Number of protein chains: 2
Amino acid sequence: MTALDDRLESMLDKLRGSKYRITPQRLAVLRILVQSDAHPSVEDIYQEVIEDFPTTSLATVYKTVTLLKELGEVLEIGFGDGRSRYDGYKPYAHPHLICLQCRRIIDPDLGPMADMTAKLARDTGFRIVNHRLDFFGICPDCQADAE
Amino acid sequence: MTALDDRLESMLDKLRGSKYRITPQRLAVLRILVQSDAHPSVEDIYQEVIEDFPTTSLATVYKTVTLLKELGEVLEIGFGDGRSRYDGYKPYAHPHLICLQCRRIIDPDLGPMADMTAKLARDTGFRIVNHRLDFFGICPDCQADAE
DNA sequence: TTTTCTGCAAATGCTTTGCATGGGA
DNA sequence: TCCCATGCAAAGCATTTGCAGAAAA
């Protein structure tokens with residue numbers, strides 16, 4: 001549990017360090033982003049937030065997520081389909097494994113991309129600042145359902 | 001030029017093989033998707049098409065691109081930002097290198113991802129059907145402009 | 001001639017924005 | 001008290017859809 005608390009604290013510090021205020025709604029959004037390993041969408045976050053703060057608006061959740069994105073405290077995992085998912089626990093680039101059927105997203109263990117990135121920068125002259133590696137497939141549960 | 005012609009022919013065959021008709025508008029869209037190495041957006045394609053067929057509607061371009069997507073004849077490169085880009089010459093998964101400033105997209109040469117994919121399938125039980133590997137950075141031209 | 005396609009406009013769905021009120025610090 | 005944040009509703013935008021007329025085959 002401590003790792004999650006640390007992560008939440010560092011998000012709060014980031015907010016406090018700037019001119020941003022910590023409101024109950026923001027705190028609720030941060031908590032969900034840090035604690036969930038399901039890579040929730042804005043709508044998912046909203047549904048959880050209104051359990052505790054029923055008057056919260058969807059716009060506020062959007063604003064908070066956008067703010068965290070700008071501060072680099074949340075990773076956006078967007079697909080063309082207009083329904084981005086977010087990770088507040090690991091806000092840095094890392095591979096994902098996405099089930100095309102149930103939309104589950106998990107974080108697989110793969111070797112680091114560092115050497116591939118360095119080689120690419122050498123070859124192309126780009127200054128590479130980010131990357132994205134996603135695998136799409138059908139998860140074991142969905143494969144079982146199909147039988 | 002022959003490789004491009006071959007690619008166009010195989011797209012046309014795919015259409016002819018099903019119940020789809022080859023209209024001037026569709027042919028124009030296919031040509032652009034095959035010939036361009038700029039990974040054009042739907043709007044980009046539309047702008048080119050109306051040079052030859054001024055009455056073409058944006059909806060028709062969308063419908064053609066969607067059809068090709070369903071047939072597996074074009075690769076969609078979508079970012080969260082709602083402005084997908086398309087590749088009709090290489091409709092299969094391959095890495096991209098994207099300039100965050102000018103939005104240029106190029107296809108770098110990297111080793112195959114096959115072994116990483118196989119290992120992941122073994123480790124997770126997923127049946128992996130697709131992947132995506134994108135690098136983001138600043139291209140040499142934009143770096144020069146910034147100086 | 002038959003069936004699909006086109007082009008227009010309206011609709012959709014996620015996300016952003018403007019603004020008056022509310023509430024942290 | 002002073003600003004920033006909230007919440008509502010309206011606006012934005014890329015994309016999709018419905019449908020009548022046009023055009024492949």
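Computed from a prediction, not measured in an experiment: that's the story for all the values here.
Atom-to-atom, CZ of B/Arg83 to C1' of C/dC14 comes out at 15 Å; the value is rounded to the nearest Å. Distance B/Glu43 CD to D/dC13 P: 13 Å, rounded to the nearest Å. Rounded to an integer number of Å, the gap from B/Tyr62 OH to C/dT12 C1' is 13 Å. Per the geometry, CG belonging to B/Leu58 stands 15 Å off C1' belonging to C/dT12, to the nearest Å. Taking atom CG of residue A/Leu12 and atom C1' of nucleotide C/dA25, one finds them 15 Å apart after rounding to whole Å. One can place CG of A/Leu15 at 15 Å from P of C/dG24, the figure rounded to the nearest angstrom. Atom P of nucleotide C/dG23 and atom CZ of A/Phe53 are separated by 13 Å, given to the nearest angstrom. Distance CD1 (A/Ile45) to C1' (C/dC14): 14 Å, rounded to an integer number of Å.
Among the nucleotides C/dG13, C/dT6, D/dA24, the one closest to the side chain of B/Pro24 is D/dA24. Here D/dA9 is the nucleotide among D/dA9, D/dA24, D/dA14 with the atom lying nearest to any side-chain atom of A/Ala59. When distances run from any side-chain atom of B/Lys63 to the nucleotides D/dG18, D/dA14, C/dT15, the shortest one goes to D/dG18. The A/Thr60 side chain lies nearest to D/dT6 when the options are D/dT15, C/dG7, D/dT6. Picking from D/dA14, C/dT15, D/dA25 the nucleotide with the shortest atom distance to the side chain of B/Ile22 gives D/dA25.
With salt bridges taken as basic N to acidic carboxylate O contacts below 4.0 Å, one links A/Glu9 and A/Arg16. Taking the charged nitrogens against the carboxylate oxygens, A/Glu73 and A/Arg7 do have a contact shorter than 4.0 Å, which makes a salt bridge.
Under 3.5 Å, the side chains of B/Ser41 and B/Asp44 contain a donor-acceptor pair of N or O atoms. Using a 3.5 Å distance cut-off with no hydrogens or angles, the side chains of A/Thr56 and A/Gln25 do not pair a donor with an acceptor.
Residue B/Arg21 places no side-chain atom within donor-acceptor reach of the base of C/dC5, judged by atom type and a 3.5 Å distance cut-off alone. With hydrogens and angles ignored, no donor-acceptor pair closer than 3.5 Å exists between the side chain of A/Lys19 and the base of C/dG24.
Within the 4.0 Å cut-off from OP1 or OP2 of C/dG7, at least one side-chain nitrogen or oxygen of B/Thr55 is found. The side chain of A/Arg26 places an N or O atom within less than 4.0 Å of a non-bridging phosphate oxygen (OP1 or OP2) of D/dA5. When the side-chain nitrogen and oxygen atoms of B/Thr23 are compared with OP1 and OP2 of C/dC5, none of them lie within a distance under 4.0 Å. At D/dG7, one or more side-chain N or O atoms of A/Gln25 fall inside 4.0 Å of OP1 or OP2 (strictly under the cut-off). One finds a side-chain N or O of B/Thr66 lying less than 4.0 angstrom from the OP1 or OP2 phosphate oxygen of D/dT16.
Atom CD of A/Gln47 and atom CD1 of A/Ile45 lie 11.5 Å apart (nearest 0.5 Å).
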